[in-house]
Amino acid sequence: QVQLVESGGGLVQAGGSLRLSCAASGRTFSSYAMGWFRQAPGKEREFVGATRWSSGSTYYADSVKGRFTISRDNAKNTGYLQMNSLKPEDTAVYYCAAHRSNYGGSVYYPFEYAYWGQGTQVTVSS
């Protein structure tokens, strides 16, 4: 079993920064990739970025590339989403997720992920 607990969301003004954390527990996370997704009211859940847990290789949606940075501390079983230069259109509930595959596959689609965090609200004003 894998449990993912997110923290770090909140209210920030446009241009500000937030760092989200995703702590994995229940079993070691090293065999999974971690993805980040977001969902705004009335919109589909969309890919934000992902990292292959063992290598640290990262992937980003074009909409956040250059502003968001994904990292992880595998010793702490914790992933991070650093969000800079935030825009009002970044407002959403943000979810971390563990990929269903240990060996590969797409990181871009929600159905490829088996475990999900509870979500944390990010609101960007102005």
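No hydrogens, no waters, no symmetry mates; every other heavy atom, side chains included, goes into these values. Predicted, not measured: the structure shown is a model, and the values here were computed from it.
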Subject >> Rounded distance (nearest 0.5 Å) linking atom CE of Met34 with atom OG of Ser71 >> reply: 10.0 Å

Subject >> side-chain contact (heavy atoms from CB on, under 4.5 Å) involving Ala61 - partner list, sequence neighbours excluded >> reply: Phe47, Ser63, Val64

Original post:
Got a sec, which residues hit side-chain contact (heavy atoms from CB on, under 4.5 Å) with Thr58, two or more places apart in sequence or on another chain?
Top reply: Thr51, Tyr60, Ile70

Using the rule that Ile, Leu, Val, Met, Phe, Trp and Tyr join whenever any side-chain heavy atoms are under 4.5 Å apart, tell me whether [X] and [Y] fall into a single cluster.
{"X": "Tyr80", "Y": "Leu86", "answer": "no"}
{"X": "Val5", "Y": "Val93", "answer": "no"}
{"X": "Val107", "Y": "Val2", "answer": "no"}

Could you work out, with side-chain hydrogen bond (donor to acceptor under 3.5 Å, both in side chains) as the rule, every residue matching [X], not counting sequence neighbours?
{"X": "Lys76", "result": "none"}
{"X": "Ser57", "result": "Ser55"}
{"X": "Ser126", "result": "none"}

Original post:
If you look only at pairs with a residue in residues 37-69, which of them pass as a disulfide bond (SG atoms under 2.5 Å apart), with sequence neighbours excluded?
Top reply: none

**OP:** Keeping the roles fixed (side chain from Thr91, backbone from Val124), state whether a donor-acceptor pair exists under 3.5 Å.
**Re:** yes

**OP:** Give a yes or no answer on whether the side chain of Arg100 reaches the backbone of Phe111 with a donor-acceptor pair at less than 3.5 Å.
**Re:** yes

Over all atoms of both residues, closest heavy-atom pair of [X] and [Y]:
{"X": "Ala40", "Y": "Ala92", "result": "N-CB, 3.9 Å"}
{"X": "Asn74", "Y": "Trp53", "result": "CB-NE1, 3.4 Å"}
{"X": "Pro88", "Y": "Ser125", "result": "CG-O, 4.5 Å"}

Original post:
Taking the six-membered ring for Trp, are Trp116 and Phe37 parallel (under 30°), tilted (30 to 60°) or perpendicular (over 60°)?
Top reply: tilted

**OP:** For the residue pair Phe68 and Tyr94, categorise the inter-ring angle as parallel (less than 30°), tilted (30 to 60°) or perpendicular (more than 60°).
**Re:** tilted

Subject >> Option among Tyr115, Tyr113, Tyr109 that satisfies the ring pair (Phe, Tyr, Trp, His ring centres under 6.0 Å) test with His99 >> reply: Tyr113

Please tabulate, for side-chain N and O atoms in residues 9-22, each donor-acceptor pair with protein atoms closer than 3.5 Å (sequence neighbours left out).
{"unit_1": "Ser17", "atom_1": "OG", "unit_2": "Asn84", "atom_2": "OD1", "d": "2.8"}

**OP:** Give every residue pair that meets the salt bridge (charged side-chain N to carboxylate O under 4.0 Å, His left out) criterion with at least one member in residues 46-58, sequence neighbours excluded.
**Re:** Arg38-Glu46

Subject >> Side chain proximity check, Asp90 to Met83, heavy atoms < 4.5 angstrom >> reply: no

Original post:
With sequence neighbours left out, what residues match Lys87 under salt bridge (charged side-chain N to carboxylate O under 4.0 Å, His left out)?
Top reply: none

**OP:** Taking atom CD of Glu89 as the centre, report whether more than 12 heavy atoms of other residues, nucleotides or ligands fall under 6.0 Å from it.
**Re:** yes

